[in-house]
Structure formats: structure tokens, C-alpha cells
Enquirer: 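Starting off with a structure, shown below.
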Number of protein chains: 2
Amino acid sequence: MGTELDKTDLQILKILQANGRITNLQLSNEIGLSPAPTLERVRKLENAEYIKSYHALVDEEKLGLGIKTFIQISLDFHQKNTIQTFLDEIQTIKEITECHHVTGQCDFLLKVYVRDIKSYEQLIMEKISRITVVKTFQTMMIMSTSKKEPIVPLEY
Amino acid sequence: MGTELDKTDLQILKILQANGRITNLQLSNEIGLSPAPTLERVRKLENAEYIKSYHALVDEEKLGLGIKTFIQISLDFHQKNTIQTFLDEIQTIKEITECHHVTGQCDFLLKVYVRDIKSYEQLIMEKISRITVVKTFQTMMIMSTSKKEPIVPLEY
DNA sequence: ATTAAAAAAGAATTTATTTCGGTTAAAGCT
DNA sequence: AGCTTTAACCGAAATAAATTCTTTTTTAAT
């Protein structure tokens, strides 16, 4: 899919990021094309994986996930395959929704969702702290979130 | 909208989180209802804002956003309205896609997307470090992301 | 200018969404 | 238990959208 994206493609990406369930008809109106070429462009963007997937965004609070945290993890590199061991463990923990390998004072940054503090303690005690390659970890409890764009900053 | 969610509603939420553009017809098959009540349930979930919105997920790399970081911010509380001043500034910076007020060694955790290191230096020099209420900040550059669920962990 | 290739439009067809009336099933009451 | 009310579901019809295909337009290159 060598060829580059034009202005219209970027417009489509912007609109679909903001409204993933817009109809092709509405989308075609917004970008000023007829439905047929609009659909063709969307399919191209999907096939070339500029668009990876579509998702509903739910209200975590309403669904009882009252506790959200980031956990900073430092690993103990005195073992073999430290990182792979860690990643394998992380994959099995459903409360961890994000895992980033980062530079700085810690090695990994995790995002966690749980129901309440009791569940959080349980997660820490029975899962995180039992991962052998974890040297230290520190919790950053999220008190509030003032910005959370489901949209990546694209220029056009 | 007082009434609670049943198993079917949770199933719908799970499916729509994983595939935000599934047709109502497919969805109805997956949950074992006919299209009519399926649609009615989805609309209820939307109206009660269990579902907040729908989004396409794009490939940031392919779109030229090569640099992703977290920034830990500590504020200087020797001014009035420190936090509000900070939040107002953050809102104007499009490269910042997330802003969380957290507990721990820092006050805020930001998520940032930029094109390249040059743009990152520019962001730091011309925007972040010019916010008067910012005392210190530290970058955690994301080297890789091994987990990024667009789905919240729901039991059912 | 002419041609070739790509993109867009229009129209027809297929598929999905939405509405509505009727039925069943469950829940609450006496 | 029997009766009643309410809510959920289904099927079918009507509306709307997606998709396909053919024709036209635009673009770019020669």
C-alpha cells in the first residue's frame, strides 16, 4: 500500500477517531464526496491498517471500576530473561490494561483497573508482588482525569 | 435509568468494546436475541451513558507519531489556583492526550504524542517548561508497549 | 492536445436498521 | 394459586444504508 495519504484520508481518520460509528453516508457528506469513493477510501485505510480497529468507550465508574492506577515497576536484572518473564506474567493479569516499557527511574509503567481498594490490595499482594523479577514497584493512584482524548493529534 | 445491567447487557458491552462497528444483526446473533431487542438494549446503554462514545483506533506509527512519552509533573503550590492554572494550560496543548491527577511522588501524569525528538524538545522548551506553576518534570520515553487493551476488565 | 490511469459519481441491488403490533414471559399483587 | 401489570422479545414491514457496477470526470504524463 505504498502511496501516501491525502488531505481527505486524514480528514476521514480524524472523523472516524472522533465518531467510530458514523454512517458512510454521513461521512461522505462531511468530507464532500459521494458514498462510493468514501467507502472505498475507508476500506483502503482499514486494509492498510492505518485504522487498526473500532471500539466502544464505556464508563468505567458506572461499571464499578472505581480504582484506576499507574504502577511503576523496576525489575531485578540478576536473572535470565528478566524482561520476557515479566511480560509473560503481565499478559495473564486482566486488571492490567496497559504495559509500557519506558526510560527513566523505572522500567515499566502499568495501567490498572479494579473495583475497589480491597481488590487493589489483592492484586498487589497476590499478583504483582509475586512476580519474581519485580524488584520494586510504586503506585500512582489516579484521583481524577482531566483529559483523555481517544484521538491522536494529527495535523492537516 | 436506575435499573441494573443484566448478563446480556454486559455481553453487549464486552462485544462493542472489542468491535465497535459490529452490525446490529451480527451482535444480535452473538447474544442470541433478535435484532429488535438487541438494538433497544444498545440504545439504552448509550442513553444511560454506559457507552460513552465510539472510536476508530489508528496506527500512530504509520501516521508519523514516532515519539510517545509519559511526563511526571510536580507543581509549585506557592501560587494561588495552582491546579486550575495548570489544567487550563494543559487543555491548550494538543500533543497531550491524557492528563491524570495522581498520588505519589508527582502530582500529574501526562501522556504525549509527537512526531520526533525535535518536536519533543520543542514541546518541552516552549510549552511545558513555560507553565509557571510547574516546579519539576521528568520524561518517561515509551520504548515499546506490550499491552494496550481498548477494553476495560468486566466480569460476567 | 492525446492518452492512460485513477478517482468520483450515479443508479441499481443487496443488506442492515428501525418501527410497530402482537405475543410471551416474568414479576407483583390479592 | 389466579389475576394483572409490566417488561422483554419476536416477526414482518418499511425505511435507510451499504455495496456493487458502469459511466463520467479529473489528473497527470507524454
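Here is the naming used below: chain letters follow the sequence lines, and residue numbers restart at 1 for every chain.
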Enquirer: Using the side chain to side chain donor-acceptor pair (under 3.5 Å) criterion, which residues pair with A:Asp88? Sequence neighbours excluded.
Expert: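 Scan of A:Asp88 (side chain to side chain donor-acceptor pair (under 3.5 Å), adjacent residues dropped) gives A:Gln84.
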Enquirer: Answer yes or no: does atom CD of B:Glu121 have more than 12 heavy-atom neighbours from other residues, nucleotides or ligands under 6.0 Å?
Expert: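 No, CD of B:Glu121 has 12 or fewer neighbouring heavy atoms, counting only those of other groups under 6.0 Å.
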Enquirer: Over how many whole Å does the gap from A:Leu5 atom CG to C:dA7 atom P extend?
Expert: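 Spelled out: CG on A:Leu5 to P on C:dA7 is 12 Å.
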Enquirer: Taking atom P of D:dG11 as reference, at what distance in whole Å does atom CG of B:Leu33 sit?
Expert: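 Spelled out: CG on B:Leu33 to P on D:dG11 is 11 Å.
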Enquirer: Might you list the N or O atoms of the protein lying below 3.5 Å from N or O atoms in nucleotides 26-29 of chain D, with each pair's distance?
Expert:
none

Enquirer: Within this structure, what is the CZ-to-C1' distance between B:Arg41 and D:dC9, rounded to whole angstrom?
Expert: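 To the nearest whole Å, that distance equals 9 Å.
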Enquirer: Could you tell me which residues satisfy side-chain contact (heavy atoms from CB on, under 4.5 Å) with B:Asn29, sequence neighbours excluded, listed by chain and number?
Expert: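 Expected list: none.
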Enquirer: Could you tell me how far apart B:Ile31 (CD1) and D:dC10 (C1') are, to the nearest whole angstrom?
Expert: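 Distance check: B:Ile31 CD1 to D:dC10 C1' gives 13 Å.
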Enquirer: Only counting residues at least two apart or in another chain, list the ones meeting side chain to side chain donor-acceptor pair (under 3.5 Å) with B:Glu30.
Expert: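 In terms of side chain to side chain donor-acceptor pair (under 3.5 Å), with neighbours along the sequence ignored, B:Glu30 is linked to no residue.
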Enquirer: Can you give each donor-acceptor pair under 3.5 Å made by side-chain atoms of residues 129-136 of chain B, sequence neighbours left out, with the distance rounded to 0.1 Å?
Expert:
{"from": "B:Ser129", "atom 1": "OG", "to": "B:Ile124", "atom 2": "O", "distance (Å)": "2.8"}
{"from": "B:Ser129", "atom 1": "OG", "to": "B:Met125", "atom 2": "O", "distance (Å)": "3.0"}

Enquirer: Hey, what else clusters with B:Ile142 if you join Ile, Leu, Val, Met, Phe, Trp, Tyr whenever side-chain heavy atoms sit under 4.5 Å?
Expert: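 So far as hydrophobic clustering goes, B:Ile142 is joined with A:Phe70, A:Val102, A:Leu109, A:Met140, A:Ile142, B:Phe70, B:Val102, B:Leu109, B:Met140.
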Enquirer: Output the rounded distance in Å from NZ (A:Lys44) to P (D:dT19).
Expert: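 Between P of D:dT19 and NZ of A:Lys44: 16 Å.
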Enquirer: Can you pull out every ring pair (Phe, Tyr, Trp, His ring centres under 6.0 Å) where at least one residue sits in residues 71-98 of chain B? Sequence neighbours excluded, please.
Expert: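 Every pair satisfying ring pair (Phe, Tyr, Trp, His ring centres under 6.0 Å) with a residue in residues 71-98 of chain B: B:Phe86-B:Phe108.
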Enquirer: Return the angle between end axes of the helix from C:dA1-D:dT30 to C:dT30-D:dA1, with five pairs used per end and rounding to 10°.
Expert: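 The angle, to the nearest 10 degrees, is 40°.
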Enquirer: By side chain to side chain donor-acceptor pair (under 3.5 Å), which residues pair with B:Lys148, not counting sequence neighbours?
Expert: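 Partners of B:Lys148 under the side chain to side chain donor-acceptor pair (under 3.5 Å) test: B:Tyr113.
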Enquirer: Which nucleotides of nucleotides 17-27 of chain C have their base under 4.0 Å from a protein heavy atom (B), which only their sugar-phosphate (S), and which neither (-), written as one string 5' to 3'?
Expert: SBB--------
Enquirer: Check side-chain contact (heavy atoms from CB on, under 4.5 Å) between B:Leu57 and all other residues, then give those that pass, not counting sequence neighbours.
Expert: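 Testing B:Leu57 for side-chain contact (heavy atoms from CB on, under 4.5 Å), a comparison that skips the adjacent residues, returns A:Lys52, A:Ser53, A:His55.
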Enquirer: Mark yes or no for whether B:Asn47, through its side chain, and B:Arg43, through its backbone, hold a donor-acceptor pair below 3.5 Å.
Expert: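 Yes, because the side chain of B:Asn47 sits within donor-acceptor range (under 3.5 Å) of the backbone of B:Arg43.
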Enquirer: Listed by chain and number, what are the side-chain contact (heavy atoms from CB on, under 4.5 Å) partners of A:Gln26, not counting sequence neighbours?
Expert: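 If we apply the side-chain contact (heavy atoms from CB on, under 4.5 Å) test to A:Gln26, skipping adjacent residues, the hits are A:Ile22, A:Thr23.
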Enquirer: Provide, to the nearest angstrom, the distance between the CD atom belonging to B:Glu40 and the P atom belonging to D:dC9.
Expert: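 Between P of D:dC9 and CD of B:Glu40: 8 Å.
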